[in-house]
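Reviewing the structure listed below.
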Amino acid sequence: MTESSLLAAGALSSIGTPTLWAVTIAGVLALLVLDFLVTRRPHEVSIREALGWSAFYVALPLAFGAWIWSRYGSQQGVEYLTGYLVEKSLSVDNLFVFMLLLAAFAVPAVLAQRVLLYGIAGALVLRAVFIALGAAALQTLDFAFLIFAIILIATAVKLLRDALSGHEQEVDINKMRSVKLLRRFMPVVDEYQGTRMTVRQGGRRALTPLALVVVAVLATDVVFAVDSVPAVYGITEDPYLVFATNAFALLGLRALYFVLHAALSRLVHLSYGLAIILAFIGVKLGLHWAHGIWSGVPEIPTLASLGVIIGVLVIVTLTSLRATRNAPPGDKEVVAGRH
């Protein structure tokens, strides 16, 4: 790699001023607090309530993207919107795993959104850590993009292999390491106790099933962060835009879960689409790394990436709906496993 490219790699360009970072983080925290206040009284979520919150959490990031576009230009605007679309599509797969966990732990309907909210809060913290680590890697390692490319392509291959083999994703809570570890140190009561994580039983503190499912959800957050953060770094090298796209994609998951709960079971080709998207971004990252060494290597423009991602998502959605058009109402098709 040339000296000029090394210097460029050592200083990531970002629109994130200290003020913008502070305002964004404060806004994310405020939205999380609002969600916790909304769910402080456990209740079943109506479709009307879920649609209202989903509309809000779609309009908000789109409005923010319009502001980015007008304030910083079309390049940053396209990068933000493309990154947001990638993270949102990956978050749908995240929701399917949450759905499996909630079913495996027999989470009461009134507690489902509180469990999802804990998962979202944990995912935000983990994404922030991985984003910081990714930025540090890009600043210090001239082959960081190649590492990210390998991670994404390997994930895409596994996704595709599982989908082609018909591997069904299932959850056995008795085999989960996080659950076995908790049970080793603390007793667990059989019944849910509202939103309480612990209760006193026989004079000692015991965990409720809610604590187990929350820990299980947080454990899955780690796995998803490993490929979602490199994926968005394949769209933009700006750590601020990476954080913003992740935050906005995650914040709306609680409401989106209840909107898509029935539809999730029909997205039987989602794994194929995500495999193509991750592999495409992996190739894009690999070409970007190679371009820094050999200037003759072409790069894939972000606008072209946006077109490919939208096209793939539209195609797999249409083929999924066609494949399940004769499925009985409520039939739970199992999407090919991701992890």
Exercise for review: Answer yes or no: is there a side-chain heavy-atom contact under 4.5 Å between L117 and L32?
Suggested key: yes
Practice item. Indicate if V215 and L126 have the same hydrophobic cluster label, given that clusters are the connected sets of ILVMFWY residues with side-chain heavy-atom separations under 4.5 angstrom. Key: no
Study note, to complete from the structure: In short, A123 meets D221 closest at the heavy-atom pair N-OD2, 3.4 Å
Review point. Is there side-chain contact between F224 and S91, with heavy atoms separated by less than 4.5 Å?
Key: no
Check your understanding: Looking only at heavy atoms, which two atoms of L285 and G234 are closest? And how far apart?
Key -> CD2-CA, 3.4 Å
Review point. Distance from L102 atom CG to L111 atom CG, nearest 0.5 Å?
Key: 9.5 Å
**Study point:** Heavy-atom side-chain proximity of T198 to T208 below 4.5 angstrom
**Key:** no
Point to revise | Verdict with reasoning, Y80 to W69, per ring-ring contact (aromatic ring centres under 6.0 Å, His included) | key: CA-CA 9 Å; Y80 167 81; W69 192 302; over 10 Å; no
Check your understanding: Quick check: does any side chain N or O of H291 sit under 3.5 Å from a backbone N or O of V297, one acting as donor and the other as acceptor?
Key -> yes
Check your understanding: Is it true that F148 and W289 have ring centroids separated by less than 6.0 Å?
Key -> no
Exercise for review: Check each of T317, T324, T319 against H269 using the side chain to side chain donor-acceptor pair (under 3.5 Å) test, and report the only one that passes.
Suggested key: T319
Review point. What is the distance from atom CZ of F36 to atom OG1 of T195, rounded to the nearest 0.5 Å?
Key: 10.5 Å
Check your understanding: How far apart are the closest heavy atoms of D35 and L251, and which atoms are they?
Key -> OD2-O, 3.9 Å
Exercise for review: Give a yes or no on whether the backbone of V242 and the side-chain of T245 come within a donor-acceptor separation of less than 3.5 Å.
Suggested key: yes
Point to revise | Audit row: V78, T302, side-chain contact (heavy atoms from CB on, under 4.5 Å) steps and yes/no | key: CA-CA 7 Å; V78 171; T302 304; 3.7 Å; yes
Study note, to complete from the structure: Residue pairs passing the salt bridge (charged side-chain N to carboxylate O under 4.0 Å, His left out) test with at least one member in residues 120-129, sequence neighbours excluded, are E87-R127
Point to revise | Results of side chain to side chain contact (heavy atoms under 4.5 Å, CB included) for A279 - residues two or more places apart only | key: A156
Review point. Any chain of hydrophobic side-chain contacts (each under 4.5 Å) joining M186 to V213?
Key: yes
Review point. Step by step, would you call I277 with L313 a side-chain contact (heavy atoms from CB on, under 4.5 Å)?
Key: CA-CA 9 Å; I277 290 172; L313 291 176; 3.8 Å; yes
Review point. Got a donor-acceptor contact below 3.5 angstrom from the T82 side chain to the E79 backbone?
Key: no
Check your understanding: Shortest non-hydrogen contact from A244 to F64?
Key -> CB-CE2, 4.1 Å
Point to revise | Validation row: P209, F105 side chains within 4.5 angstrom (heavy atoms) | key: no
Point to revise | Any residue meeting side chain to side chain contact (heavy atoms under 4.5 Å, CB included) with M197, in chain and number order, not counting sequence neighbours | key: Y118, L210, A211, V214
Check your understanding: Is the number of heavy atoms from other residues, nucleotides or ligands within 6.0 Å of CZ (R48) greater than 12?
Key -> no
Exercise for review: Hey, could you give me the CG/CZ distance between L253 and F258, rounded to the nearest 0.5 Å?
Suggested key: 11.5 Å
Check your understanding: Do L303 and L85 sit in the same hydrophobic cluster, where Ile, Leu, Val, Met, Phe, Trp and Tyr count as joined when their side-chain heavy atoms come under 4.5 Å apart?
Key -> yes
Practice item. Give, for atom CD1 of I151 and atom OH of Y233, the distance between the pair rounded to the nearest 0.5 Å. Key: 12.5 Å
Review point. Minimum heavy-atom separation for V189 to A206, with atom names?
Key: CG1-CB, 4.0 Å
Exercise for review: Check whether any side-chain heavy atom of H288 sits under 4.5 Å from a side-chain heavy atom of E237, and report yes or no.
Suggested key: yes
Exercise for review: Give, for atom CG of L278 and atom OG of S89, the distance between the pair rounded to the nearest 0.5 Å.
Suggested key: 8.0 Å
Check your understanding: Should V38 and E49 count as side-chain neighbours, where that means a heavy-atom distance under 4.5 Å?
Key -> yes
Point to revise | Any side-chain heavy-atom pair of L124 and N246 under 4.5 Å | key: no
Check your understanding: When you look at T17 and Y240, which way does the side-chain hydrogen bond (donor to acceptor under 3.5 Å, both in side chains) test go after all the steps?
Key -> CA-CA 9 Å; T17 63; Y240 174 78; over 6 Å; no
Exercise for review: Kindly work out whether a path of hydrophobic side-chain contacts (I/L/V/M/F/W/Y, heavy atoms less than 4.5 Å apart) joins L159 to V222.
Suggested key: no
Exercise for review: To the nearest 0.5 Å, tell me how far L95 CG sits from L100 CG.
Suggested key: 11.0 Å
Review point. Less than 6.0 Å separating the ring centroids of Y72 and W67?
Key: yes
Practice item. Decide yes or no for S305 and K284: does some side-chain heavy atom of the first lie under 4.5 Å from some side-chain heavy atom of the second? Key: yes
Practice item. Please name the pair of heavy atoms, one in S14 and one in D238, separated by the smallest distance, quoted to 0.1 Å. Key: OG-OD1, 2.6 Å
Practice item. Output, in order, the C-alpha distance, side-chain angles, deciding distance and verdict of side-chain contact (heavy atoms from CB on, under 4.5 Å) for F243 and W21. Key: CA-CA 10 Å; F243 175 78; W21 272 105; 3.8 Å; yes
Point to revise | Verify same cluster id: I276, I315 (apolar side-chain graph, 4.5 Å) | key: no
